[in-house]
> 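I'd like to ask some things about the structure below.
Excluded from the calculations below are hydrogen atoms, water molecules and symmetry mates; all remaining heavy atoms, backbone and side chain alike, are included. In what follows, residues are counted from 1 in the order of the sequence shown.
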Amino acid sequence: MKHRFLALSILALSLSMTSCLDETPKDQIPETDIYDSANSLYVNTVASLYNYIGAHDEGEGLQGTCRGIYDYNTLTTDEAIIPIRGGNWYDGGLWKNMYNHTWTATDTDLYNVWKYLYKVIVLSTKSLETIKQHKSLLTEQQYMEYLAEGRAVRALFYYYAMDMFGRIPILESSTQKIADIQQSNRSDVFRYILNELQTVAPLLPNEHSNLQGNYYGRVTRPVAWFLLAKLALNAEVYADDNWTDSSRPDGKTIMFDINGTQNNAWQTCIHYCNLIADAGYSLESDYTKNFAVHNENSKENIFTIPLDKMLYTNEFHYLFRSRHYAHGGAYGGASENGTCATLHTMTVNGYNTDTPDTRLHMNFYTGKVEVDGKYVTLDDGTPLEYKPLAVEQNLTASEYIETAGARMKKYEVDRTAYSDGRMPDNDIVLYRYSDVLLMKAEAKVRNGESGDEELNAVRLRVGMPSIAATLGNILDERLRELVWEGWRRQDMIRFGTYYKQYDIHTPSDADKKGYTTVFPIPQKSRDMNTNLKQNPGY
């Protein structure tokens with residue numbers, strides 16, 4: 001799937017929206033040499049878009065790298081934190097500001113996320129136009145399928161942009177001038193994305209994207225259904241254009257058309273969850289199999305970022321970034337001794353109690369660590385021992401400056417990984433069937449039904465006893481089951497806890513005013529396009 005898009009000069013120019021979108025690149029190969037068959041048209045339009053799902057540069061990729069989408073959706077929450085460890089991990093206050101919700105519109109890293117998302121949105125738009133221009137190369141079925149997949153990829157990137165930034169521009173033509181690009185209300189973008197996915201889903205292949213083969217790593221029909229379920233589950237948030245007034249629309253009154261029938265948000269979510277189940281996904285009996293070095297055959301994973309150090313440049317930094325230096329060294333590589341779980345995460349997982357969650361030892365390194373049957377030791381010869389309850393925002397004065405915090409363990413260590421462990425062969429899990437079950441449980445509860453069956457299917461798989469499917473229990477279960485998978489910010493916003501006191505996070509002045517549930521429109525983007533109005537509060 002690694003095909004390089006040939007019109008490279010369009011990338012920096014049009015996608016960061018720094019100039020007119022109808023510039024004519026001078027250094028690209030003539031189109032007659034690129035688009036000479038149905039296959040070459042697909043490779044250089046639709047397939048090329050998958051180069052951007054994963055990444056190796058900071059700020060890019062849906063997951064895998066640092067300072068990007070994953071970090072802003074994880075390190076701003078009650079799930080994880082990068083504490084200041086003496087002279088390490090201050091980085092101009094980046095990680096401290098994430099956890100404290102004190103970011104600003106001038107933050108370079110937020111701008112890089114915006115730029116990345118719109119880069120792919122504009123490339124998708126250009127690809128759709130190219131397919132239309134070369135329709136004569138295609139059968140009618142190929143034409144419809146190519147357009148559907150390109151639109152689905154674009155909708156996916158709009159989804160992440162809308163989720164993070166709220167009010168964003170909808171761009172459907174690469175010939176638009178900056179002066180003509182208008183910002184849309186969040187509710188309009190939400191409906192646009194949902195309509196796009198509903199329209200194209202029937203034209204996408206009904207195949208398992210996580211399995212190796214012709215559909216590996218692609219946006220197939222179940223991937224679109226998963227996004228539709230997410231959109232419906234978060235409808236109260238996404239349909240709210242005034243997110244600072246402490247009031248949201250009621251999901252029972254937000255209606256969607258499904259095959260000519262009107263369904264409320266919760267019914268819509270349940271519908272798409274059911275379609276995913278009908279497509280043959282199920283829970284793996286072994287939770288850890290989903291994150292193994294060779295996880296391509298998981299029955300549970302729905303959408304992944306393919307990793308293969310011999311084929312792709314995509315990287316996965318999070319194990320590397322979390323482990324202590326000696327821990328990484330024991331595997332023959334290196335580590336950065338940064339990210340750790342919060343006190344709240346440890347509490348929810350029952351750490352230091354008589355009844356810990358069984359996933360605790362699957363997802364976290366705690367206490368002393370063994371590698372190859374030997375304890376990992378520090379420079380002075382004493383065993384490395386992680387201290388999960390010693391976490392503070394600034395550990396500079398702590399005796400546990402290097403060892404505070406439980407560390408990420410979720411993915412199996414690939415002992416053959418390149419780049420000090422940052423290029424393993426584990427595919428990065430983006431969407432998973434256990435999330436589908438938890439979405440369905442939540443939607444049912446919000447709709448006045450019982451979600452016990454779905455919630456407890458997830459718990460029983462890991463040997464945990466049944467509990468009642470209350471909203472509070474579901475939020476906690478999502479943390480236990482989906483920790484380190486990039487969903488916590490969205491979950492906390494939906495449950496109304498993101499801007500409140502939690503863990504060692506004290507609400508910022510911005511939190512108290514309710515506007516931190518979306519990030520600011522980056523100032524650099526607004527300088528380039530004066531049509532972009534800043535989000536409330538910033």
Side-chain angles (χ1 to χ4, degrees), residues 58 66-67 70-103 107 109 317-331 333-353 356 360-361 363-369 371 375-410 420-422 479 483-484 488-489 492 501-508 511:
E58 288 189 342
C66 302
R67 298 173 179 248
Y70 176 87
D71 283 353
Y72 279 102
N73 282 281
T74 301
L75 300 175
T76 64
T77 74
D78 63 6
E79 176 184 311
I81 185 173
I82 297 184
I84 299 169
R85 301 180 186 271
N88 297 320
W89 296 108
Y90 180 69
D91 292 345
L94 171 65
W95 314 108
K96 171 175 164 284
N97 289 337
M98 279 193 189
Y99 192 75
N100 291 334
H101 299 182
T102 51
W103 48 74
D107 287 359
D109 296 290
H317 293 187
Y318 308 140
L319 290 173
F320 169 85
R321 184 174 65 175
S322 184
R323 294 182 300 227
H324 186 275
Y325 315 115
H327 194 172
Y331 290 122
S335 287
E336 291 185 316
N337 198 34
T339 319
C340 63
T342 60
L343 299 174
H344 176 76
T345 294
M346 288 294 98
T347 299
V348 171
N349 278 274
Y351 175 75
N352 208 27
T353 70
L360 179 68
H361 76 277
N363 290 326
F364 306 97
Y365 291 107
T366 62
K368 295 179 182 178
V369 179
V371 173
Y375 284 121
V376 177
T377 57
L378 302 175
D379 290 341
D380 62 4
T382 60
L384 167 66
E385 185 174 0
Y386 293 126
K387 300 288 186 177
L389 303 183
V391 177
E392 302 174 49
Q393 283 202 63
N394 190 341
L395 291 163
T396 302
S398 171
E399 64 178 303
Y400 305 117
I401 183 172
E402 289 194 359
T403 58
R407 308 307 172 91
M408 181 180 184
K409 184 184 179 181
K410 191 160 205 168
D420 286 327
R422 287 169 292 194
L479 179 56
V483 67
W484 305 122
R488 194 60 180 173
R489 170 183 161 271
M492 291 182 70
Q501 176 75 41
Y502 57 80
D503 194 52
I504 54 175
H505 169 84
T506 299
S508 66
D511 282 328

> Donor-acceptor pair, Trp484 side chain versus Leu319 backbone, under 3.5 Å?
no
> Mind running ring-ring contact (aromatic ring centres under 6.0 Å, His included) on Tyr318 and Tyr70 for me, showing each step along the way?
CA-CA 10 Å; Tyr318 308 140; Tyr70 176 87; 4.1 Å; yes
> Rounded to the nearest 0.5 Å, how far apart are CD1 of Ile81 and CG of Leu343?
8.5 Å
> Would you call Ile82 and Tyr99 a side-chain contact if the rule is heavy atoms closer than 4.5 Å?
no
> Do the rings of Tyr365 and Tyr386 sit parallel, tilted or perpendicular, given the 30° and 60° boundaries?
tilted
> Is the backbone N or O of His317 less than 3.5 Å from a side-chain atom of Arg422, with the two atoms forming a donor-acceptor pair by type?
no
> Within the side chain of Lys368, is there an N or O that forms a donor-acceptor pair under 3.5 Å with the backbone of Tyr375?
no
> As an exercise, state the distance from CG of Asp379 to OH of Tyr325, rounded to the nearest 0.5 Å.
11.0 Å
> Taking all heavy atoms of Thr77 and all of Thr342, pick out the closest pair and write down the distance.
O-CG2, 4.4 Å
> Parallel, tilted or perpendicular, judged at 30° and 60°: which one describes the rings of His101 and Trp103?
tilted
> Say whether, by atom type as modelled, one donor and one acceptor occur between the side chain of Asp107 and the main chain of Asp109 under 3.5 angstrom.
no
> Does Ser335 reach the main-chain N or O of His327 with its side chain, forming a donor-acceptor pair under 3.5 Å?
no
> Nearest heavy-atom pair of Gly328 and Arg323: which atoms, and what distance?
CA-NE, 4.3 Å
> Write down the atom of Asn100, the atom of Asp511, and the distance for their closest heavy-atom approach.
O-OD2, 4.2 Å
> Are Arg321 and Thr339 close enough that a side-chain donor and a side-chain acceptor fall under 3.5 Å?
yes
> What is the minimum heavy-atom distance between Pro83 and Gly338, and which atoms define it?
CD-O, 3.7 Å
> Measure across Asn337 and Arg407 and return the closest heavy-atom pair with its distance rounded to 0.1 Å.
OD1-NH1, 2.7 Å
> When you measure from the side chain of Asn394 to the backbone of Thr396, do you find a donor-acceptor pair of N or O atoms at a distance under 3.5 Å?
yes
> Donor-acceptor pair, Lys409 side chain versus His361 backbone, under 3.5 Å?
yes
> Looking only at atom types and distance, does a side-chain atom of Thr345 sit under 3.5 Å from a main-chain N or O of Asp78, one as donor and one as acceptor?
yes
> Quick one: closest heavy-atom pair of Arg85 and Tyr400, and the distance?
NH1-O, 4.4 Å
